[in-house]
Amino acid sequence: MGYVYLATFVMLGLALVVAQVPLIRGDTLPGRVLGLEMTALLIIAAMGTEAIVTRIPAYLDIAIVMALMNFLVAVGFARYLEYAGFREED
């Protein structure tokens with residue numbers, strides 16, 4: 001069973017590295033926001049996996065709070081892009 005958790009954390013780690021590409025390259029602001037959202041989602045998934053591995057339910061509470069905060073950040077960025085009149089330049 002330990003190999004399954006190890007494989008899960010390795011895959012989450014690789015996905016986290018790939019999720020950093022839009023943040024670093026940063027062609028557009030929505031692309032950066034997408035990279036930030038993907039990073040937060042993968043961290044929340046890692047926290048959920050850690051809760052399962054260690055059998056500590058407090059990690060799930062932290063993951064839920066992080067997911068709610070992530071949602072509010074996404075709404076905030078969307079409102080900013082809507083009201084700031086973001087236009088992608090060719």
Side-chain angles (χ1 to χ4, degrees):
M1 209 44 140
Y3 294 115
V4 173
Y5 295 132
L6 179 63
T8 302
F9 281 119
V10 167
M11 285 188 282
L12 284 172
L14 290 174
L16 191 59
V17 169
V18 171
Q20 299 305 307
V21 171
L23 282 174
I24 295 170
R25 242 180 66 194
D27 294 339
T28 63
L29 183 59
R32 288 183 179 185
V33 172
L34 177 66
L36 183 66
E37 294 294 321
M38 287 174 32
T39 301
L41 174 72
L42 291 168
I43 291 171
I44 292 167
M47 298 262 322
T49 306
E50 183 69 21
I52 292 170
V53 171
T54 60
R55 298 176 193 248
I56 299 175
Y59 287 137
L60 288 178
D61 295 337
I62 296 169
I64 289 171
V65 170
M66 285 181 65
L68 290 172
M69 288 175 42
N70 188 36
F71 172 73
L72 292 175
V73 167
V75 170
F77 274 128
R79 301 274 285 192
Y80 170 73
L81 292 176
E82 179 182 356
Y83 288 126
F86 177 76
R87 288 174 184 76
E88 190 169 332
E89 298 162 355
D90 295 316

- Query: For Ile56 and Tyr59, what are the C-alpha separation, side-chain angles and deciding distance, and is it a side chain to side chain contact (heavy atoms under 4.5 Å, CB included)?
  - Reply: CA-CA 6 Å; Ile56 299 175; Tyr59 287 137; 4.0 Å; yes
- How close do Pro22 and Gly31 get, heavy atom to heavy atom, and via which atoms? CB-O, 3.5 Å
- Message: What verdict does the side chain to side chain contact (heavy atoms under 4.5 Å, CB included) test give for Phe77 and Leu29, after you've listed the backbone C-alpha separation in whole Å, the side-chain angles of each residue and the deciding distance to 0.1 Å?
- Response: CA-CA 10 Å; Phe77 274 128; Leu29 183 59; 5.5 Å; no
- Item | Single-linkage hydrophobic cluster Leu36~Phe71, side-chain heavy atoms < 4.5 angstrom | no
- Query: When hydrophobic residues are tied together by side-chain contacts of less than 4.5 Å, even through go-betweens, does Val17 share a cluster with Leu14?
  - Reply: no
- How many angstroms lie between atom CD1 of Ile44 and atom CD1 of Ile62, to the nearest 0.5 angstrom? 12.0 Å
- Query: Residues two or more places apart in sequence or in another chain: which of them pass salt bridge (Lys or Arg N to Asp or Glu O under 4.0 Å) with Arg25?
  - Reply: Asp27
- Task: Mind listing the closest non-hydrogen atom pair of Leu60 and Gly48 along with its distance?
- Result: CD2-CA, 4.1 Å
- Item | Interatomic spacing from CG in Leu12 to CD in Glu50 - rounded to 0.5 Å | 11.0 Å
- Message: To the nearest 0.5 Å, what is the distance between OH on Tyr5 and OG1 on Thr49?
- Response: 9.0 Å
- Task: Find out whether Val18 and Met38 are in side-chain contact, i.e. whether some heavy atom of one side chain is under 4.5 Å from a heavy atom of the other.
- Result: no
- Item | Distance (rounded to the nearest 0.5 Å) between Leu16 CG and Met11 CE | 14.0 Å
- Message: Would a single hydrophobic cluster contain both Leu34 and Leu23, if residues Ile, Leu, Val, Met, Phe, Trp and Tyr are joined by side-chain heavy-atom contacts under 4.5 Å?
- Response: no
- Message: How long is the straight-line distance from CD1 of Ile43 back to CG of Asn70, given to the nearest 0.5 Å?
- Response: 9.5 Å
